[in-house]
Amino acid sequence: MASPLTQDFCRLVHSSDELPESVITSEPILQAVSVKKINAPGASGLDRYRVILSDGTHFLQGMLATQLNPMVDSKELDKNTVIKLKTFVTNVVQGRKLIIILTLEVVPWSGEKIGNPTNVEQAAPLAAPQSVLKPSTTANVNASKPVAKQPQKTAAAPMGPLYPIEGLSPYQNKWTIKARVTQKSDLKHWSNQRGEGKLFSVTFMDDTGEIRATGFNETVDQFYDLLQEGKVYFVSRARINIAKKQFNNVNNEYEITFENSTEIQPCDDESVPQIKYNFKSVGDLGDLQKDELCDVIGVVKEVGELGSVTSKATNKPFAKRDIQLVDQSGQSVRLTLWGKQAETFQADDEPVIAFKGVKVGDFGGRSLSMFSSATMALNPDIPEAHSLRGWYDAEGRSKHFQAYTSATVSNSDGQITKPSEIKTIGQAKDEQLGMSDKTDYFTTQATVSFIKSETFSYPACANPDGCNKKVTDEGSGWRCEKCDKTWPSPIHRYILSMNVMDYAGSFWITAFNEVAEQIMGISANELMEMRDNGNDVEFQRSFQKASGRTYNFQMMAKQDSFNDQPRVRYQCRRAALPDYPADSAHLVSLINSISV
DNA sequence: CCCCCCCC
C-alpha cells in the first residue's frame with residue numbers, strides 16, 4: 001500500500017529555522033509511532049502527551065496540546081495512528097526541535113507501522129527545504145526567515161510567524177499573534193508596600209483561544225490608547241507568564257505582559273472572531289462555587305435604583321445597581337453593577353445582555369456581581385441572544401420566574417444544594433428529609449394550625465450591633481456573657497413553635513425572629529409587653545389571628561438529639577404568601593411529567 | 001509589579 005505520509009516532512013522541520021506559513025498550513029500527514037504521557041504535569045495540572053511523529057523515513061518529537069488529551073484517553077489516537085496536523089507550531093526546547101500539535105484529524109489506517117524511520121537529528125539536512133512543500137509559484141528564497149501571509153494591505157507586517165493564541169507558551173519568543181481585543185480595563189493606579197505604579201489589561205482573542213495581557217507603567221503610555229476594545233492587532237515580543245487563574249477567567253494557562261520591546265500594530269482584518277462565551281444557564285448557577293467566574297446571558301427583567309454602599313475594607317463609597325436577569329431556565333438571579341457601570345446603566349426595554357466573567361456570589365442563594373475583567377454586551381448578535389429574545393417575546397415575558405433563595409446557600413458541609421424542591425409534609429416525612437447527616441432543604445405549602453403561646457421568645461442581648469445572644473436576669477440587669485455587658489432590659493426575640501399542616505400531614509416547625517415577626521405581625525417585645533401587662537385577651541388573639549393562614553415555607557430539616565433519641569428539627573427559614581400562578585405552573589409541570 | 005471588586 002502506498003504511504004499516505006507527507007514525505008520528508010521531518011527533515012524539512014528539522015532543517016528550517018522557522019517554517020513558512022505555507023508549510024504551517026499544509027496539513028501534513030504523519031504517523032504517531034509512539035504516544036507517551038510525560039511525567040511532569042504541565043502548569044495547568046493536566047496530563048501532557050509526547051508523540052514520536054514519523055514521515056515514513058525519519059521521526060521527530062512532538063507534543064500534544066492538552067485539549068487533544070481526550071483523543072489519547074479514548075485511544076482514538078494511539079501507537080501507529082496516522083494523523084493529519086490541522087494546526088501546529090514548532091518549537092525548540094532544550095536545543096531540540098519539536099512539533100506542538102494543536103488540532104489534528106485521524107486518517108484511517110490499518111495500524112501497521114509505515115517504513116523504518118530513523119531519528120531526524122541524525123539525518124543529513126535538507127538542501128532546499130522550501131521547495132518540498134511550498135508551491136513553486138510562491139517560492140520564497142528567504143524561506144528560512146519567513147514572514148506570515150500579509151493579511152491586509154493596510155496592516156503592518158508582523159514580527160515572525162503568526163501563532164495561534166493556543167500555541168503560545170513561555171518557551172517561545174519569536175511569535176506574533178493576530179488577535180482582537182475583547183476587553184480592555186480602565187487605567188488603574190496602585191500603591192502598596194512594594195511600590196506604586198499604573199497598569200491596564202486587555203483580553204486578546206483569535207479563533208483558537210484567548211489570552212489576557214497586562215501593561216505596567218511605561219507600557220501603559222505606549223499601548224493604552226492604541227489598544228481599543230473590538231479592534232484587531234498584531235502583537236509580538238511580549239513576555240509570556242503562567243496565568244494566575246484566580247484573578248481572571250480568561251481561558252488560558254498563560255498570560256502576556258507587555259514589555260518595552262513589545263510591538264503592537266493595528267490590523268483591520270475582520271475575520272478574527274468576536275468575543276467567545278461559555279454561558280451558564282441562570283438555573284444552573286448552583287453548580288458553581290462562590291467566587292467562581294462565569295458567563296451568563298439573560299433578559300433584563302428589572303432594573304433597580306442607583307444606590308451607594310460604603311466598602312468595609314476601604315471606607316470608600318461605591319455606586320451600585322442591582323438588576324434581575326432571567327432566562328429559559330425559569331430562574332431569575334440578581335446581578336450587581338458597580339461604579340460607573342451602575343451609574344450609566346439604562347435598560348428600560350427588557351434587553352438581552354451577555355455577561356462575560358461575572359462573579360458568582362451566594363447572597364440569597366445565588367447572586368452575580370460584575371468583576372473588573374467582566375464585560376457586558378447589549379443585545380449581542382449571537383445565536384443565544386436571538387433565541388433568548390424570541391423565547392422571551394413569545395412566552396417568557398408572561399412567565400413567573402423562580403428567584404434564588406437562601407435555601408440554596410451552601411450547607412454546613414460547605415456544599416451547595418440545589419434550589420429547594422417543593423414537597424408535601426407527607427413527602428418530607430416519607431423521604432426522611434433531615435434524617436441523614438446532612439441538612440435538607442425543601443419548600444412546602446402549608447397552613448398554620450396552631451402556635452404555642454406558652455413559650456414563644458427568649459430574652460436577647462440588647463447590643464445594637466445585633467449580638468442576639470441569650471441574656472440572663474441578674475436582678476440589677478440583663479447580662480450578656482459574649483458582650484460582657486449588662487442591659488437594663490433585654491430585647492425579646494421569637495423562637496416560635498408552630499404546627500402547620502397540608503392535606504398530607506402536619507408537623508411542628510420553628511421560626512426564629514424575622515420570620516416569626518412576619519407571621520405574628522408584631523414583635524416579640526410587643527407581645528411580651530401585652531402579657532406582662534395582663535392583657536390576656538389581646539395576647540391570645542394575636543396567636544389566633546396568625547393561625548389559619550397559608551404560606552410557602554422554606555424549610556430546613558436537620559437532625560439533632562433529644563434525650564439521646566435522634567429526631568428531626570424543622571426550621572422555617574422563610575415564609576412567603578402563596579404565589580398561585582407559580583404554584584399552578586408547578587402543578588402543571590407535575591401533571592405533564594406523569595402524562596404519556 | 002495588580003490581584004481591591006465592595007452592600008444587604
Side-chain angles (χ1 to χ4, degrees), chain A residues 170 183-203 211-224 227 238-250 252-262 289-294 296 302 304-324 333-343 345 355-376 403-409 464-466 468 513-515 573-574:
Chain A
Q183 195 264 352
K184 178 184 166 186
S185 76
D186 287 334
L187 181 57
K188 190 201 152 173
H189 295 265
W190 87 86
S191 166
N192 59 26
Q193 304 97 308
R194 283 183 284 184
E196 53 181 62
K198 57 185 175 180
L199 75 130
F200 79 111
S201 53
V202 292
T203 304
I211 192 164
R212 187 111 181 118
T214 304
F216 293 95
N217 303 322
E218 316 91 274
T219 64
V220 173
D221 303 331
Q222 279 184 64
F223 303 125
Y224 184 75
L227 290 170
R239 194 166 74 235
I240 298 180
N241 301 317
I242 306 287
K244 292 173 192 149
K245 301 296 286 181
Q246 66 271 36
F247 300 128
N248 68 68
N249 73 325
V250 173
N252 200 311
E253 52 186 290
Y254 304 116
E255 59 192 20
I256 290 175
T257 305
F258 297 140
E259 296 179 301
N260 287 330
S261 58
T262 295
Q289 298 299 313
K290 175 171 150 59
D291 296 336
E292 263 191 82
L293 300 179
C294 69
V296 170
E302 269 178 55
E305 294 294 308
L306 180 64
S308 172
V309 298
T310 305
S311 162
K312 279 179 181 164
T314 62
N315 260 338
K316 277 193 216 160
F318 285 86
K320 78 157 236 183
R321 189 193 297 270
D322 288 340
I323 63 173
Q324 294 292 329
V333 69
R334 189 187 81 175
L335 185 146
T336 305
L337 303 164
W338 299 99
K340 205 182 281 176
Q341 268 177 333
E343 286 164 10
F345 188 83
F355 292 89
K356 183 169 177 62
V358 288
K359 188 163 144 173
V360 176
D362 61 2
F363 184 78
R366 274 288 169 276
S367 59
L368 296 170
S369 176
M370 258 336 241
F371 198 65
S372 67
S373 63
T375 64
M376 181 165 72
Y404 276 97
T405 69
S406 44
T408 60
V409 170
D465 73 2
N468 295 343
N513 203 48
E514 287 71 21
V515 178
R573 296 155 60 88
R574 251 170 89 169

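Below, read A as the first sequence line, B as the second, and so on, with proteins coming before strands; counting in each chain starts at 1. As a basis for the values below, the full set of heavy atoms in this structure was taken, side chains included, without hydrogen atoms, waters or symmetry mates.
Counting non-hydrogen atoms under 4.0 angstrom, A:Arg321 reaches nothing in the nucleic acid. If you check every strand for non-hydrogen atoms under 4.0 Å, A:Lys359 touches sugar and phosphate atoms only. Backbone-only engagement by A:Thr310 is indicated by non-hydrogen atom pairs under 4.0 Å involving sugar-phosphate atoms exclusively.
By the side-chain hydrogen bond (donor to acceptor under 3.5 Å, both in side chains) test, A:Glu343 pairs with no residue at all, sequence neighbours left out. For the side-chain hydrogen bond (donor to acceptor under 3.5 Å, both in side chains) test, residues two or more places apart in sequence or in another chain that qualify with A:Ser369 are A:Trp338.
Across every non-hydrogen atom of A:Glu255 and A:Lys244, the tightest pair is OE1-N, 3.9 Å.
Protein chain A contacts DNA chain B from B:dC1 to B:dC8, reading 5' to 3' and using non-hydrogen atoms of the protein with a distance under 4.0 Å.
For the 3.5 Å distance criterion, the side chains of A:Gln341 and A:Arg321 fail to qualify, holding no donor opposite an acceptor.
Separating the CD1 atom in A:Ile211 from the CD1 atom in A:Ile240 is a distance of 5.5 Å, to the nearest 0.5 Å.
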